[in-house]
Amino acid sequence: FIIQVYAEQYKECKTFSTIWEDAIDRFSGYVQFGRVHAVNHVSVVRRLGASIRDYPTVLSYVDGRYYQTYPAVRNPKKFFDLIHEDYPTYHLWKGDETKLNAIS
């Protein structure tokens with residue numbers, strides 16, 4: 001599961017939104033995505049299990065547990081590579097390698 005913590009008043013969040021939407025388009029069949037508004041849902045942000053210092057902050061969860069915080073990347077390929085590293089092909093595709101070609 002990948003969660004973005006954002007606040008729309010930050011320019012960086014608006015800039016990152018295109019990369020975020022591209023990631024959802026590429027990986028949504030294999031990875032669940034979610035967004036939490038940092039100001040409107042403070043109690044949810046506090047329960048995420050990670051420190052939020054900047055916006056956007058992207059958190060990775062593997063097997064239901066906090067795994068890591070992704071750096072705020074502006075390069076889509078770098079962001080997609082990070083997702084692919086955390087959710088390797090054997091976990092994502094479950095034997096259907098034809099799906100791997102769709103995101104490569």
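If you read the sequence from its start, that first residue is 1, and numbering goes on from there.
- The CD atom of E8 lies 11.5 Å from the OG atom of S17; values are rounded to the nearest 0.5 Å.
- Distance CD1/I3 to CD/Q32: 9.5 Å, rounded to 0.5 Å.
- The CD atom of Q4 sits 10.5 Å away from atom NE2 of H37, with the distance rounded to the nearest 0.5 Å.
- When the side chains of ILVMFWY residues are joined at heavy-atom separations under 4.5 Å, either directly or via intervening members, F33 and L82 end up in a single hydrophobic cluster.
- With hydrogens and angles ignored, the 3.5 Å screen pairs no side-chain donor or acceptor of Y67 with any backbone N or O of F1.
- Under the ring pair (Phe, Tyr, Trp, His ring centres under 6.0 Å) criterion, H41 pairs with no residue, sequence neighbours left out.
- Taken from CZ in F27 to CG in D22, the straight-line distance is 10.5 Å, to the nearest 0.5 Å.
- Close placement of the F79 and F16 rings is indicated, their centers lying within 6.0 Å of each other.
- Using a 4.5 Å heavy-atom threshold, the side chains of Y30 and I83 count as separate.
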Please list every donor-acceptor pair under 3.5 Å in which a side-chain atom of residues 50-57 meets a protein atom from a residue at least two apart or in another chain.
residue: T57; atom: OG1; partner: D54; partner atom: O; Å: 2.3

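- Interatomic distance, OG of S60 versus OH of Y70, reported as 3.5 Å (0.5 Å rounding).
- Following chains of ILVMFWY side-chain contacts shorter than 4.5 Å, one can reach V62 starting from V58, so the two form part of one hydrophobic cluster.
- The CD1 atom of I19 sits 7.5 Å away from atom CZ of F80, with the distance rounded to the nearest 0.5 Å.
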